[in-house]
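Inspection log for the structure reproduced underneath, given as structure tokens.
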Amino acid sequence: MKDEIFSVLQRVGRSFMLPVAILPIAGLLLGIGSSFTNANTIKMYGLEGILGNGTVLHALLTIMSSAGNIIFGNLPIIFAVGVAIGMAKAEKEVAALSAMIAFFVMHVSCNAVLQLTGKVLPDGTVAPGVLEGTIANTTGITSLQMGVFGGIIVGIGVAWLHNRYHKIVLPDALSFFGGARFIPIISTIVYLFVGILMYFIWPIAQNAIFSLGGLVTGTGYIGTLIFGIVKRALIPFGLHHVFYLPFWQTGVGGSMMVDGNLIQGGQNIFFAQLASPDVTHFSADATRYFSGEFIFMIFGLPGAALAMYRCARPEKKRIAKGLLLSAALTCMLTGITEPIEFSFLFVAPMLFYVQVVLAGAAYMIAHMLNIAVGLTFSGGLLDLFIFGILQGNDKTSWMYIIPVGIVYFFLYYFIFTFLIKKFNLKTPGREDDDQETKLYMKADVNSRKNKGSINAADTDEMSSLIARALGSRGNITSVDCCATRLRCSVKDSSLVDEKMLKATGAVGVIVKGTGVQVVYGPKVTVIKTNLDTYLQTAPETEPELDVMTSAGSAAKVFEMETKTAVIRQKHALYSPFNGTVHPITEAPDTAFSSKMMGDGYFVYPSDGTVVAPDDGEVVFVFDTKHAIGMKTSDGVEYLLHIGIDTVNLKGQGFEVFVEKGQQVKKGDKLMQFDAAFIREKAASDACLVIFTGLQENEEIHMEKIGEIEALAEVAYLEK
């Protein structure tokens, strides 16, 4: 039951992300538009000549402000449609249409009952004596003030109806209305009665919401501290969206009169005040649910990243620097913390406990200092600039963030440094020799230069690997994502391969019941879209030939159809390339360097010639010509893989002289590739020799590192 509840909450949380994703652009429009049409702001910056009334820019900014306002003013229906799309398992467009219809029907039904009971007068006004704020205008309908809760109720309910009935078969006479066409019909009928029931039920729920909001706001700074701690503690479970959204968007987060309107929810109050010309200082009581984030996201966690880098082992500092710098910049600019938090969450949980307490305290400190900086998504530099700096210190007290942030930077740095060294915590760069330094590899960034549209299931290697790691298409029941996580549901969680998922570039993997969360960071939306496309034509069970791919790359490696013969003595291994040879553990791609693909070595080539390093047979030639599978005459299987992410080149720059099943002799020319083209277009020009069929007691021993010529002995295979 606990796992099922978690799974349901996970689906609800991920469904919130589509409507939440519109908030940044809405906030941007409203923030810039309202700021530079406010007479006080224009006067403060001396911009009357270009932004004053009657100027073209003033008109444009007024339109921008209105565009942002219309989004915030209609969040309930946006949530209704967005949640329905997020929770529907198929034919999501039908769920979206049905949710919109159900939303209107529910509120019109409420309006009719309110008129029949005399609480709304025939002219549409609210009757005297009705508690202020309980009835409001929603998309032009005078109805109960349900806010985004009303939209969520519609979205979840319609999604449930859709998932249950979208394949319904009706009698022949009514068959036209079967299947997906039945969903708008059943939604209309159900929500007509839901609207009537809401007249009786919602006032009770509304009182409970206000009581909960009063409990949180009534406990002052301690309530803010508890909110911050709980929100950060829920990050590993991916349930923080379910927790904080009511505080941002509903009466749970408090209510306030702004320009004669009752506004509910901390974020809504801030943006209502932002649009008001009469506000002298934004409400810190409203922004208590997010202002503190700027302190630990811009300053604190980067301090933690610096501590982890300084504590890394000397031989791993270079790679740890690239990983942690990327994660720190992501955190500072966008407020997305998972790349840093997940780098220590699983390997050093005590650091996460420290992070939870310090982050919770940051919310409370911001509240105590009357800091009132709003945000649209997360506490990064962009939101700080627009909703803090641009609005002026008099309105936001944003300048307090800087001294507190500096203290937080050193606090995180010294605490993390002490704990890492004291308890020998395995943060990035301090792993054992047989473990990979893992977060985001440089190959992830480089691969974006080559990213293209991969639509065919048989060429989407990364999606194939993710599907395999989740137990194949037959085991996957739903796929969605939030801002940083791929959120999936599976039938059997025992089939989930966490190690394989991490090989695709995941920072962390969380399996809870039938719910699986794979943390990729901001690139997750592209990964989710590609996976959706792949699953449309993927087999129920992935074939025996394993498709393996690196973090963010599209390199493909096949296991051979027959296993390696038992090796009873040393087997000399020769280089197929000219260049500089290195051990596989230094490969510029995690999936190879971690030996998940197999043991071996790699060469940075000095030219583009590839020769057979031994007598044997060509097992396969990859369609995109970037890899050749080989088997020696005595049964040793290996793969020649040219470059990293070269599958995306679709054969450009490669010329292959052999074919599947062909027998070759040592020194025969197998391939010619354009080395300069590969260096320019691919993530790396590293040429890998991977032995894919090694038994448990077999391993590769390097004999030479550095400059070598083709056919020179570089290593040996020993049983």
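Interatomic distance, CD1 of Ile510 versus CD of Glu498, reported as 9.5 Å (0.5 Å rounding). Note that CG of Asn530 and OG of Ser464 are 12.5 Å apart. Values are rounded to the nearest 0.5 Å. Here the CG atom belonging to Asn111 is positioned 10.0 Å from the OG1 atom belonging to Thr138, to the nearest 0.5 angstrom. The distance from the CG atom of Leu75 to the CG atom of Asn268 is 6.0 Å, given to the nearest 0.5 Å. Annotation: the span from Leu501 atom CG to Leu465 atom CG amounts to 7.5 Å, rounded to 0.5 Å. Separating the CD1 atom in Ile186 from the OG atom in Ser98 is a distance of 10.5 Å, to the nearest 0.5 Å.
Side-chain rings of Phe103 and His107 approach one another, their centers coming within less than 6.0 Å. Residues Phe387 and Phe271 bring their aromatic ring centres within 6.0 Å.
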Pair Tyr165-Ile183, side chain to side chain contact (heavy atoms under 4.5 Å, CB included): steps then yes or no: CA-CA 7 Å; Tyr165 295 114; Ile183 306 307; 3.9 Å; yes
Full working for side chain to side chain contact (heavy atoms under 4.5 Å, CB included) between Ile135 and Gln145: CA-CA 5 Å; Ile135 297 176; Gln145 171 61 291; over 6 Å; no
Chi angles and distances behind the side chain to side chain contact (heavy atoms under 4.5 Å, CB included) call for Gln517, Leu486: CA-CA 6 Å; Gln517 299 178 14; Leu486 187 68; over 6 Å; no
Step-by-step side chain to side chain contact (heavy atoms under 4.5 Å, CB included) determination, Leu495 to Val490: CA-CA 9 Å; Leu495 299 178; Val490 296; over 6 Å; no
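The closest donor-acceptor contact from the side chain of Ser255 to the backbone of Gly251 lies at 3.5 Å or more, if one exists at all. No donor-acceptor pair closer than 3.5 Å links the side chain of Asn261 to the backbone N or O of Ile263. Between the side chain of Ser276 and the backbone N or O of Ala272 there is no donor-acceptor pair closer than 3.5 Å. Ser463 places no side-chain N or O within donor-acceptor distance of the main-chain N or O of Tyr534, the cut-off being under 3.5 Å. Under the 3.5 Å distance criterion, the side-chain polar atoms of Ser283 are matched with a main-chain donor or acceptor of Ala286. Checking side-chain atoms of Arg288 against main-chain N and O of Gly266 turns up no donor-acceptor pair under 3.5 Å.
With sequence neighbours left out, the salt bridge (Lys or Arg N to Asp or Glu O under 4.0 Å) criterion links Lys528 to Asp532. Applying the ring-ring contact (aromatic ring centres under 6.0 Å, His included) rule to Tyr191 yields no partners; only residues at least two apart in sequence or on another chain are considered. Residues forming a ring-ring contact (aromatic ring centres under 6.0 Å, His included) with Phe177 (at least two apart in sequence, or on another chain): none.
The side-chain heavy atoms of Ser478 and Arg487, taken from C-beta on, include no pair separated by under 4.5 Å. A 4.5 Å side-chain heavy-atom check between Trp202 and Met146 finds at least one atom pair inside the cut-off. In this structure, the side chains of Leu382 and Leu333 stay at 4.5 Å or more apart for every pair of heavy atoms. Taking the side chain as every heavy atom from C-beta outward, Phe104 and Ile77 approach each other to under 4.5 Å. Here the side chains of His162 and Val94 are in contact, with some heavy-atom distance below 4.5 Å. Two residues are said to be in side-chain contact when any heavy atoms from C-beta on lie closer than 4.5 Å; Val126 and Lys119 fail this criterion. Side-chain contact between Val516 and Leu470 is present, with heavy atoms from C-beta onward closer than 4.5 Å. No side-chain heavy atom of Phe79 sits under 4.5 Å from any side-chain heavy atom of Val154.
Across every non-hydrogen atom of Val373 and Phe290, the tightest pair is O-CD1, 3.6 Å. In terms of heavy-atom proximity, Gly379 sits nearest to Glu293 at N-OE1, 3.4 Å. Heavy-atom minimum distance, Phe294 versus Gly380: CE2-O, 3.4 Å. Scanning all heavy atoms of the two residues, the minimum distance from Thr287 to Ala372 falls at OG1-CA, 3.2 Å. Closest approach of Leu301 to Gln355, counting heavy atoms only: CD2-OE1, 3.6 Å. Residue Thr514 comes nearest to Lys491 through the heavy atom pair CG2-O, 4.1 Å, listed as atom of the first residue, atom of the second, then distance.
Ring pair His367/Tyr221 is perpendicular by interplanar angle, where above 60° counts as perpendicular and below 30° as parallel. The aromatic rings of Tyr363 and Phe227 stand perpendicular to each other, their planes meeting at an angle above 60°, with 30° marking the opposite boundary.
Under 3.5 Å, the side chains of Tyr289 and Gln267 contain no donor-acceptor pair of N or O atoms. A donor-acceptor pair shorter than 3.5 Å can be found between the side chains of Asp123 and Thr125. There is a side-chain donor-acceptor pair under 3.5 Å between Arg232 and Thr337.
Between Lys167 and Glu91 there is no salt bridge, since none of the side-chain N atoms of the basic residue sits less than 4.0 Å from a carboxylate O of the acidic one.
Heavy-atom neighbours of Ile168 CD1 from other residues, nucleotides or ligands within 6.0 Å: above the threshold of 12.
With a 6.0 Å cutoff to the six-membered ring centre and a 45° limit on the axis angle, Arg181 counts as a cation-pi contact of Phe176.
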